[in-house]
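Not measured: the values here are computed from a predicted model.
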Amino acid sequence: MTDITTAQQDRVQIFDTTLRDGEQSPGATMSHDEKMEIAGLLDEMGVDIIEAGFPIASEGDFAAVSDIAKNAKNSVICGLARANFADIDRAWEAVKHAPRGRIHTFIGTSPLHRDITALDQDGMVEKIAATVSHARNLCDDVHWSPMDATRTEHDYLCRVVETAIKCGATTINIPDTVGYTAPRESADLIRMLLERVPGAEKITFATHCHNDLGMATANALAAVEAGARQIECTINGLGERAGNTALEEVVMAMRVRNDIMPYRTGIDTTKIMHLSRRVSQVSGFAVQYNKAVVGKNAFLHESGIHQDGVLKNVQTFEIMRPEDIGLTAKNIAMGKHSGRAALRAKMAELGYDLGDNQLKDVFVRFKALADRKKEVYDDDLVALMADSSAGDEHLKVQKLRVVCGTEGPQEAELTMAVGGEEKSIDATGDGPVDACFNAVKMLYPHSAKLDLYQVSAVTEGTDAQATVSVRISRDGTVYTGQSADTDTVLASVKAYVNALNRMHAGQGRANNSALQTSAAG
């Protein structure tokens, strides 16, 4: 293995790109306030670098990156930029307010990507030199990526990496953009660059792995073993296509297998579960039950042999402790007789610090749920929090009655507040949910397209809460809504209305921006 200092060898920086690459998952668009919240949680958790967004992509993205930079306390705040001066200038304008800002610029270097840009090898080298130099003139922390590095010819990859280093890049990221590589190749690539590229020992190599073949975490850890000292990752592995390296997986792998991976990070692992759940809520992407570390089944045992072993010694079938990721070992039984103090304590265990007004709202919802369910589980309470964070309530469901069965058409009688004005309508449809959605659209006419309707049970049993996720789009912008209720149809309507509220709020911000621009002109 290439010689590196002891400090470099045992310290691995965590670069979280949930707010940039993660948000590029179709339908995972987050509101400004949600991005601010997630960034604050990442900063508090101890993430070294937060890639807060792609500033030139939209005014909203620029505003989010800029505000995150202004509010950062510990993390470096990074903005993404393509290999052109306009992108780089915009990224710097957004991150310069941070105590520590970073510009991340990239260009595709594989033969496939060179064909797209119509640049030959020499022309691309010249462009890399010019854009990296420009970024370094603005910021002393420049992060450069040769997109599709794992499918770039090795000789050419060495050449462009050497160019970026000579022009001032302080971090060189080696992305497996399409999840094509395997662990041995990932390690060999980092090792080769460290051995062949002049000046490689003076900068930090990073790894950014996609999960198309299910090997992102393995590839990232193999790269670290070979000398990479920064892992680019996302909460829950969120990202384009099959996603990215999952932060929780690499961090816990290094913690659990410290015997063969003697590396350390600054991550407070006890905050992992809360952040995982919150990202799931705001993105609308549910975490699969058997997801490593943070999945619902990660610490559950059904096999009699496993149950017996765990009861005798938990280490027989658990390599991590639930409390290591923030799952409490305490067990406050929650039901219809539970009071506010118990609810506040339970929510605190789950990572929610509720103010008095928020506690009052959640307590009302909790009591209503407890009257309908025999037992209220932790996941039920997390779903309640998701339902209570819908934000702007231009639309609010007041009353719903549905008629369905073998004899159609199915009918929905809906009363809804629209901008504070109560309105009622009867509608029919092909099934109860279709009838309800038709009723909503009659009371609040709109041109949004329904792209996704998804139902999942939060807990087991016929009295389980259903969590419904809805994704709509209008004029190329995607809005998501989520709601939970023991009544699946009611949860469906609330989720649809929550998505419409987000769309309405987004339109309001756009109108205000247009007015301000007009006034300024």
### Query
Does Arg90 come within less than 4.0 Å of Asp87, counting only side-chain N to carboxylate O?
no
### Message
Return the CG to CG distance between Leu238 and Leu19, rounded to the nearest 0.5 Å.
### Response
10.0 Å
### Query
Nearest heavy-atom pair of Met273 and Val293: which atoms, and what distance?
CE-O, 4.3 Å
### Query
Can you tell me if His104 and Glu232 form a side-chain donor-acceptor pair at under 3.5 Å?
no
### Query
Nearest 0.5 Å, what's the CD-NZ distance between Glu413 and Lys399?
9.0 Å
### Closest non-hydrogen atom pair, Gly431 against Gln410
N-OE1, 3.1 Å
### Message
Quick check on Asp115: does its CG atom have over 12 non-hydrogen neighbours (other residues, nucleotides or ligands) under 6.0 Å away?
### Response
yes
### Message
With no hydrogens and no angle check, just 3.5 Å: does a side-chain donor-acceptor pair link Asp89 and His134?
### Response
yes
### Query
Should the heavy atoms of other residues, nucleotides or ligands under 6.0 Å from CG of Asp430 be counted, would the total exceed 12?
no
### Message
Quick check: closest heavy atoms across Val433 and Ser492, and the distance to 0.1 Å?
### Response
CG2-OG, 4.1 Å
### Arg471 charged N/C atom sitting above Tyr479 aromatic ring, 6.0 Å / 45°
no
### Task
Dump the intermediate steps for salt bridge (Lys or Arg N to Asp or Glu O under 4.0 Å) on Asp212 and Arg241, then the final yes or no.
CA-CA 7 Å; Asp212 296 68; Arg241 304 184 313 280; 2.7 Å; yes
### Query
What's the spacing between Leu138 CG and Ile88 CD1 if we round to 0.5 Å?
8.0 Å
#### Entry: Distance-only donor-acceptor check, side chains Asp33 and Ser31, under 3.5 Å
no
### Task
Working to the nearest 0.5 Å, report the span between CG of Leu343 and CG of Leu354.
7.0 Å
### Message
Could you tell me if Asp176 and His208 have a donor-acceptor pair between their side chains, going purely by distance under 3.5 Å?
### Response
no
### Message
Assess whether a salt bridge exists between Glu248 and Lys291, defined as any Lys/Arg side-chain N lying under 4.0 Å from an Asp/Glu carboxylate O.
### Response
yes
### Message
Could you check whether atom NZ of Lys396 has more than 12 heavy atoms from other residues, nucleotides or ligands sitting under 6.0 Å from it?
### Response
no
#### Entry: Closest non-hydrogen atom pair, Asn173 against Ser145
ND2-OG, 2.9 Å
### Query
Hey, is CG on Asn290 packed in by over 12 heavy atoms from elsewhere, all under 6.0 Å?
yes
### Task
State the OG1-CE distance between Thr109 and Met147, to the nearest 0.5 angstrom.
8.5 Å
### Task
Specify whether Phe106 and Phe54 have parallel, tilted or perpendicular ring planes, treating 30° as the upper limit for parallel and 60° as the lower limit for perpendicular.
perpendicular
#### Entry: Distance-only donor-acceptor check, side chains Thr477 and Asp475, under 3.5 Å
no
### Task
Side-chain contact test, heavy atoms from C-beta onward, threshold under 4.5 Å: evaluate it for Thr480 versus Phe285 and give yes or no.
no
### Query
Are any non-hydrogen side-chain atoms of Thr105 and His143 less than 4.5 angstrom apart?
no
### Query
Can Arg401 and Asp426 be said to form a salt bridge (Lys or Arg N to Asp or Glu O under 4.0 Å), step by step?
CA-CA 9 Å; Arg401 181 176 178 272; Asp426 293 352; over 6 Å; no
### Message
Within the 4.5 Å heavy-atom criterion, are Ile77 and Arg100 side-chain neighbours or not?
### Response
no
### Query
Taking C-beta and beyond as the side chain, do His32 and Glu37 meet within less than 4.5 Å on heavy atoms?
no
### Task
Identify the two heavy atoms, one from Ile68 and one from Ala52, that lie closest to each other, and give their separation to 0.1 Å.
CD1-CB, 3.8 Å
### Query
Checking side chain to side chain contact (heavy atoms under 4.5 Å, CB included) against Thr234, which of Leu247, Thr245, Asn244, Val279 comes through?
Asn244
### Task
Would you check if there is a donor-acceptor pair between the side chains of Glu51 and Thr17 at a distance under 3.5 Å?
yes
### Query
Between Tyr496 and Phe437, how do the two ring planes meet: parallel, tilted or perpendicular, split at 30° and 60°?
parallel
### Query
Tyr180 and His210: aromatic ring centres closer than 6.0 Å?
no
### Task
State whether Glu23 and Arg20 are salt-bridged, where the test is any N-O pair (Lys NZ or Arg NE/NH1/NH2 against Asp/Glu carboxylate O) under 4.0 Å.
no
### Task
Please determine, by modelled atom types, if Asn236 and Ser276 share a side-chain donor-acceptor pair under 3.5 angstrom.
yes
### Query
Looking at Pro432 and Val489, what are the two nearest heavy atoms and their distance?
CB-CG2, 4.3 Å
### Message
Side chains of Gln482 and Ser469: any donor to acceptor distance under 3.5 Å?
### Response
yes
### Query
If we ignore angles and hydrogens, is there a donor and acceptor under 3.5 Å between the side chains of Asn219 and Thr181?
no
### Query
Out of curiosity, Met30 CE to Met36 CE, how far, rounded to the nearest 0.5 Å?
14.0 Å
